[in-house]
Amino acid sequence: MDVPLIVDPIVKYGKEKFRIWYNGQVKEVDCPLKPYFYSDRKLGIETAVKATKVKGIALSDYMEKTFYKYEFQTRDDLKKAKGEHTFEDNVPFILRHRIDIPKVFRRYPHKNPIKFLFLDIEQFTKEGEMFPTYDDRITAISWCGNNRNIMCGYLKKDTMSDRKLLDKFLQWYEDYQPDVIVCYNKSYDIVTLLKRCQKNRIDTARFAKSNQKPYIGGKADIHIDGVVIYDAFESAQADQSLTGNVVNRGLKEVSNWFGFKEKRKPLTPQEMTKFIGTRKLVEYNKDDVRRLLTVFDVYWTNIEFNANDLSIPLSEAIYMNITDLGLIVEGDAFRERNIIADGANEDRFPEIFKRKKGKEEPNYQGAIVDIYRTGVFEPVFKADYSSMYPTIMASFNLSPDTTSLLHYAPLSDFKIEEEKDSFIYHIPDKALQKTMVIKVSKQPGFAAEIVQRFLDERAEYKKAWKQTGNKKFKALSDNRKVKANGGMYGIQGSAKHAFGFAPIAIAVTGIGRQCAQLLMDVLNELSSNSVIETDTDGVYYTAENVSEEQVIKRFQKRLEEKFPKKLKLSIDVDSYDKGYFYKAKNYVLKKGDKLIFHGGAMKASSKNDLSRNLIYDLAEAKFSEEDTKPIIRRYKRLEFPLEDFAMSKRMGMHWKQYKRPESTIVCRLAKDAEEFMGRKPEIGNQYHYIKALHDFKLLEVSTKQDIDRKYYEKQIDKIVKMFDIEPAAPSLKKWGI
DNA sequence: GCTATCAGGCTACCT
DNA sequence: ACAGGTAGCCTGATAGCG
């Protein structure tokens, strides 16, 4: 790698220092920069060690102004001093260095091969308990290093102490000295390992590359000196391409999705206890490490790539989010141009972000999402733009250095005016109830150029994925898509982001609506009333005698007529045998003998198997025009195993954040789970439950007698109704005719 | 005391 | 704290009924 393994900022003798780990050694250096922020006025801050006047270009209006730069001895001092008139005061310290001194971390490259340790543990569970505690012994540890030769240390059936097992493992560990520990759900595996060592009076500092004992703060806050912990579970949690395709984000489900061959059922706590000291537990344990390797291979490539590509320590690349990516990528451009963000997006555009609006009202108008016809259609096509928003950003040259908001006008039609050096866009916005008049200069804009780079990279990976079918390329392609979409477009509309630039986001969605409408117009012209459903950048339509070529040709022609410049916008057309369209974003497609379900009504992970199976059976019957009565009768008997009735909900927030915990199902379930199973309520926890006669009840403590039959009968009725729509005459008013 | 309706809270999904 | 957008389910308040 060209970057270090880890950079830890620390405060020593009242000064900020970096502890930098690379090539198995640590170096402590004074931070090249002091924590700082800007202001547009003189502030009386006593804790600042330095106050200087600097000239910079204000992001809000691109005019050169004088700013006051305040520097501090520590991050803490800065935090205490920041206020209403301070700018760029929330840029993480490490990223601040990376932006201001781009190659700062390249001075300490970890050139040795990264030593990985892949790891999974099994633990004893007391009889009658659902989960083990830190008092219970570890029964098996499976692990491997870079050679992927999986080893397993395990206890014999009647060995009550895991002391020797831990010691054996640690002997190997100390000899190997891993740089990165790879696990699935570190808050369990790593914490348990450390706690078991403590209970056995084994020195936990043996895990570290220094003599510092590891530190366990919060759930995600585990520090082992000199070692990076990579939790593949976090990558899976954040991967949106898994939504709807896996029932949960557990290792089994996720590794299966990525093509892990063997499909084993997870062991129950009873089985895990029964199999202690046997081949079965060892195989099970090793199997999980194999699964871990599968998932690791999917996500790791991007992490290491990001570290090198963005010149940030590996430890930062692992936790990087979209916001940070935006900071780095735009921060580079700002530094080169001496731009100072004079306030967060919402400070620079209060008329957009701080106007009076209802609680869940958006800041600006988004995409066109609508359904125009419902029921079964045959055949069905989907015409969609590839990467519409980023392509618009790139093609229309939308960038902070080219774009400015001229003024607001009363709501009017979309319009483009060309001037000698610029284009003027009139963008009506229903959320703002105004037309935004936005000027874009013809000089190349830096943000537009960066987006184009991400798009080009994405095209390459997408091609590789289509050619090989390898899901790894799909993940790389998705990564660039996320960078272009969220990293470049998304942050422009974000209220709190220091570098966001709202007029860009408004122009992008506004032009996007025009593009979607243009596509719909083309399709309806080629075959009247052919449009079924539209969502942002894709249109489902049905037409008998319209070829793909016709659509694309007509589209290109109309695109050239509509916009006064050459654009990279292009469309793809996919075909399906049949489709059943229920509501916006909710439909079933049939291709060959495959049924593809879309939307919460059709495939939510919260549904029970009973509903899922019924939906599948009814969709099949609908497409083949079979009689549904026998199906309905069969389901109404409700003769299914208890598990088929179980629904699921995830805790989306910290339990303290719930407005009315007593009347929120997931909170009540979490409370029960803590009481009956000793499971702590935590964000992301998934609870399986059934509707019992008087209340919702955790699956684990339910029996078949508890089932509220009326509730499930109603559930079935609703699903039956969902498939009851017959094609009706299209409603013309929706097209605004 | 029952039913219908509606708004608000929350989760899950789509682009 | 990347954005906006649609839909479903549950709950508690309220209105209407008799």
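Keep in mind that the numbers below use all heavy atoms, side chains included, and drop hydrogens, waters and symmetry copies. Throughout, a chain's letter reflects where its sequence line sits, starting with A, and its residues are numbered from 1.
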(message) If the cut-off is 4.0 Å, is S494(A) near the phosphate of dA1(C), judged by side-chain N/O to OP1 or OP2?
(response) no
(request) Looking at every strand, decide which applies to Y389(A) at a 4.0 Å heavy-atom threshold: base, sugar-phosphate, or nothing. (result) nothing
(request) Compare the minimum distances between each of dC14(B), dG5(C), dC2(C) and the side chain of H598(A), then state the nucleotide with the smallest one. (result) dC14(B)
(request) Find out whether the Lys NZ or Arg CZ of K622(A) is both under 6.0 angstrom from the six-membered ring centre of F723(A) and within 45° of the ring's axis. (result) no
(message) Counting the atoms with a prime plus P, OP1 and OP2 as sugar-phosphate, which does Q492(A) contact under 4.0 Å by heavy atoms, base, sugar-phosphate, or nothing?
(response) nothing
(message) Taking the cut-offs as 6.0 angstrom to the six-membered ring centre and 45 degrees off its axis, would you call R355(A) and Y408(A) a cation-pi pair?
(response) no
(message) Looking at dT15(B), I'd like to know if its phosphate oxygens (OP1 or OP2) sit under 4.0 Å from a side-chain N or O belonging to K382(A).
(response) yes
(message) Without decimals, in angstroms, what is the distance between I352(A) CD1 and dG4(C) C1'?
(response) 15 Å
(request) With heavy atoms under 4.0 Å as the rule, sort M653(A) into base, sugar-phosphate or nothing. (result) sugar-phosphate
(message) Does dG8(B) have OP1 or OP2 under 4.0 Å away from a side-chain N or O of Y658(A)?
(response) no
(request) Would you classify Y587(A) as touching base, sugar-phosphate or nothing, given that sugar-phosphate means primed atoms plus P, OP1 and OP2, and contacts are heavy atoms under 4.0 Å? (result) sugar-phosphate
(request) Give a yes or no answer on whether the side chain of D644(A) reaches the backbone of L610(A) with a donor-acceptor pair at less than 3.5 Å. (result) no
(message) Measure CG/D537(A) against P/dT15(B) and give the value in whole Å, please.
(response) 8 Å
(message) As a test of reading the structure: which of dC2(C), dA7(C), dG12(C) is closest to the side chain of R660(A), going by heavy atoms?
(response) dG12(C)
(message) Expressed as a whole number of angstroms, how long is the span from I719(A):CD1 to dA7(C):C1'?
(response) 15 Å
(request) Check whether any side-chain N or O of K607(A) sits under 4.0 Å from OP1 or OP2 of dG8(C), and answer yes or no. (result) no
(message) I need the CZ-P distance between R650(A) and dA12(B), as an integer number of Å.
(response) 6 Å
(message) Between E88(A) (side chain only) and A341(A) (backbone N and O only), is there a donor and an acceptor less than 3.5 Å apart?
(response) yes
(message) For dC10(C) and Y689(A) - does any side-chain N or O of the residue sit under 4.0 Å from the phosphate oxygens OP1/OP2?
(response) no
(request) Using only side-chain N and O atoms of R668(A), determine if any of them is under 4.0 Å from OP1 or OP2 of dC10(B). (result) no
(request) Would you please confirm or rule out a distance under 4.0 Å between OP1 or OP2 of dG8(C) and any side-chain N or O of Y582(A)? (result) yes
(request) Please state whether the phosphate of dA3(C), meaning OP1 or OP2, lies under 4.0 angstrom from any side-chain nitrogen or oxygen of N363(A). (result) no
(message) How many whole angstroms separate atom CG of N321(A) from atom P of dA1(C)?
(response) 6 Å
(message) Output the rounded distance in Å from CZ (R612(A)) to C1' (dC13(B)).
(response) 14 Å
(message) By the 4.0 Å heavy-atom rule, please label Y711(A) as base, sugar-phosphate, or nothing.
(response) sugar-phosphate
(request) Report yes or no: is the cationic atom of K649(A) (NZ for Lys, CZ for Arg) closer than 6.0 Å to the six-membered ring centre of Y687(A), at no more than 45° off its axis? (result) no
(message) dC9(C), OP1 or OP2 - any side-chain N/O from K718(A) closer than 4.0 Å?
(response) yes
(request) Report the nucleotide, chosen from dA12(B), dT15(B), dA1(C), that has the shortest atom-to-atom distance to any side-chain atom of S606(A). (result) dA12(B)
(message) Taking only side-chain N and O atoms of N485(A), does any of them lie within less than 4.0 angstrom of OP1 or OP2 on dT15(B)?
(response) no
(message) I want to check a possible cation-pi pair here: K691(A) against F696(A), using under 6.0 Å from ring centre and within 45° of the ring axis as the test.
(response) yes
(request) Indicate whether OP1 or OP2 belonging to dC14(B) is found under 4.0 Å from a side-chain N or O atom of K603(A). (result) yes
(message) Nearest to the side chain of K649(A), heavy atoms from C-beta on, is which of dT11(B), dT15(B), dT11(C)?
(response) dT11(B)
(message) Nearest to the A584(A) side chain among dA7(C), dA1(C), dG8(C), which nucleotide is it?
(response) dA7(C)
(message) How many whole angstroms separate atom CD of E346(A) from atom P of dA3(C)?
(response) 11 Å
(message) Need one value for G490(A): base, sugar-phosphate or nothing, where a base atom within 4.0 Å counts as base even if backbone is also close, heavy atoms only.
(response) base
(message) Nearest to the side chain of Y364(A), heavy atoms from C-beta on, is which of dG8(C), dG5(C), dA3(C)?
(response) dA3(C)
(message) Side chain of K659(A), heavy atoms from C-beta onward: which of dG5(C), dC10(B), dA7(C) has the nearest atom to it?
(response) dC10(B)
(request) Please find out if less than 6.0 Å separates the ring center of F334(A) from that of F499(A). (result) yes
(request) Tell me which nucleotide among dA1(C), dT11(C), dC10(B) gets nearest to the side chain of K496(A). (result) dA1(C)
(request) Kindly state whether the ring of F87(A) and the ring of Y38(A) have centres lying under 6.0 angstrom apart. (result) no
(message) Of the options dT15(B), dC2(C), dT11(C), whose atoms approach the side-chain atoms of D535(A) most closely?
(response) dT15(B)
(request) Take atom CD of E361(A) and atom P of dA7(B), then tell me their distance rounded to the nearest Å. (result) 15 Å
(message) Under a 3.5 Å cut-off for both contacts, is dT15(B) paired Watson-Crick or G-U wobble with anything, and if yes, with which nucleotide?
(response) dA3(C)
(request) Compare the minimum distances between each of dG5(C), dA7(C), dG12(C) and the side chain of S663(A), then state the nucleotide with the smallest one. (result) dG12(C)
